[in-house]
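Encoded as structure tokens, the structure appears first; notes follow it.
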Protein chains: 2
Amino acid sequence: MAAVPRTTDKDGTPVPQRLLAAATRLFAEQGYDRTSVQEIVEAAGVTKGALYHYFGSKDDLLHEVYARMLRVQQERLDALADADEPVEKRLRAAAADVVVTTIEHLDDAMIFFRSMHHLSPEKNKQVRAERRRYHERFRALIEEGQQAGVFATATPADLVVDYHFGSVHHLSTWYRPDGPLTPQEVADHLADLLLRALRP
Amino acid sequence: MAAVPRTTDKDGTPVPQRLLAAATRLFAEQGYDRTSVQEIVEAAGVTKGALYHYFGSKDDLLHEVYARMLRVQQERLDALADADEPVEKRLRAAAADVVVTTIEHLDDAMIFFRSMHHLSPEKNKQVRAERRRYHERFRALIEEGQQAGVFATATPADLVVDYHFGSVHHLSTWYRPDGPLTPQEVADHLADLLLRALRP
DNA sequence: CCCGACAGACTAACCAGTCGGTATGTGTAA
DNA sequence: TTACACATACCGACTGGTTAGTCTGTCGGG
């Protein structure tokens, strides 16, 4: 009754997860189009038969990366935004948290912003919709602060969100784990810049 | 003595420029790998013979897009940074200008940030080097203001540059010409956010 | 004995770059 | 002024290599 396959030879990780991990790494390293299905299955120590047993297409694999990332980020944002704290604290926490988790999953982030257009149209639409939900939750925080008078209203909240997420997006371009700043330090600085920009 | 070909049938535009324009549009629309050389030459109204007469490879075409963009941006930054104005004004002008020119060449920008990894290693290195020059010129402006005491020193100048260019980078993801904001309005808002974040 | 979990050879399509060929304009020498 | 040589500007069929996805089959456990 092994509806979910328990393990396989090499290590203790189930095959679908091994495939997803291999694909994530390779997509981030070489790009989606430059990564062949053959490479993925070899890196995961299986064959094409296994991949197409668990996933419908190469595109599906990419979609899984997006779904995983979106799920994690949305959950974290919801938790932080719902906390019982003043709005400045909640925004700062959310702004810093997304930086830390992005850095912790830099491969995912790289794929996220670089390979959207490789998704099939419907999957692309779906990802955009979920992304919009996230964006709007974040925007609501800023608007709440603006209405409460603790944030400046000079800039539309939408633009502020795009400003901040631009810098998050950009992390995968420049951040190096062996650089001088820890993820938390970068996060604090970027959250600080956001809050400073919002001072009335 | 037509060292530079003057015109050709269809319109008055020389073939190399037609090819570059077609490639730029298609790369932005479909991505580099998804665009075949055949599509490019058809869009430009010529054949492969013409393309490989003027360009060494498909990769060369991509490199040209980068070179063009970098040249324009660097020239504009140099001019603005060298102006005889107080540093806040120069930084604001530079920050806003890069937004406007990025929006005006949104296809180039999209390609720029999405397709770096498709360049051959040497070309990639070259582009990175020029990009770094640009980055450092911008950083120097911020450091100048910090040393003069008109900008906050809470955040390292490098990080501030990445913060701003993240948002510039991000423009190609969300900005739509038919949206509510003109390029100049967006630029003013984003420059404003930067300057606000830098208030001591 | 049956089904899920794979294996791996195979196919049909595609694509970057090549290469021999053609056309057109220009400089030069008779 | 004509004739020839030659380079530039392009044409388009062809090649060699690659790839996503398929399909038939094997194997081990329940």
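In what follows, every heavy atom counts, from backbone to side chain, and hydrogens, waters and symmetry copies are set aside. Letters A, B, ... mirror the listed sequences (proteins, then strands); counts begin at 1.
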Side chains of R196(A) and T155(B): do they bring a donor and an acceptor to under 3.5 Å?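 Not at all, the side chains of R196(A) and T155(B) share no donor-acceptor pair under 3.5 Å.
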The side chain of A50(A) lies closest to which of these nucleotides: dC11(D), dG17(C), dC6(C)?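 Looking only at heavy atoms from C-beta outward on A50(A), the closest nucleotide is dC6(C).
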Quick check for you: among dG4(C), dA20(D), dC11(D), whose closest atom lies nearest to any side-chain atom of K58(A)?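 In terms of side-chain proximity for K58(A), the closest of dG4(C), dA20(D), dC11(D) is dA20(D).
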At 4.0 Å (heavy atoms only), tell me whether S36(B) reaches a base, stays on the sugar-phosphate, or touches nothing.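 The answer is sugar-phosphate, as S36(B) gets under 4.0 Å only of primed atoms, P, OP1 or OP2.
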Taking the cut-offs as 6.0 angstrom to the six-membered ring centre and 45 degrees off its axis, would you call R131(B) and F165(B) a cation-pi pair?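 Yes, R131(B) and F165(B) form such a contact.
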Partners meeting side-chain hydrogen bond (donor to acceptor under 3.5 Å, both in side chains) with D84(B) (sequence neighbours left out):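 Here no residue qualifies.
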Identify the pairs formed between an N or O of the protein and an N or O of nucleotides 22-26 of chain D at a distance under 3.5 Å, and give each distance.
none

Over all heavy atoms of both residues, which pair between S115(B) and Y66(B) is shortest? Give the atoms and the distance, please.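 Shortest heavy-atom separation between S115(B) and Y66(B) comes out as C-OH, 3.1 Å.
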DNA chain D: 5'-proximal contact among V46(B) and S57(A) (nearest heavy atom):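 Here V46(B) is the residue nearer the 5' end.
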So do T173(A) and M110(A) actually touch side chain to side chain, heavy atoms under 4.5 Å?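 A side-chain contact under 4.5 Å is absent here.
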Fit a plane to each ring of Y32(A) and H118(A), take the angle between them on a 0 to 90° scale, and name the class: parallel (under 30°), tilted (30 to 60°) or perpendicular (over 60°).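 Answer is parallel, since the angle falls under 30°.
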Do F113(A) and F113(B) make the cut of ring centroids closer than 6.0 angstrom?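 Ring-ring flag for F113(A)/F113(B): false, centres at least 6.0 Å apart.
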Check: H170(B) ring centroid to H170(A) ring centroid under 6.0 Å: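 No, they do not, as the ring centres are separated by 6.0 Å or more.
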Give me the residues of residues 20-32 of chain B where at least one heavy atom lies under 4.0 Å from an atom of DNA chain D, by number, or none.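 Hits under 4.0 Å, by residue number: none.
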Presence of H53(A) side-chain N/O under 4.0 Å of dA5(C) phosphate oxygens OP1/OP2: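 Yes.
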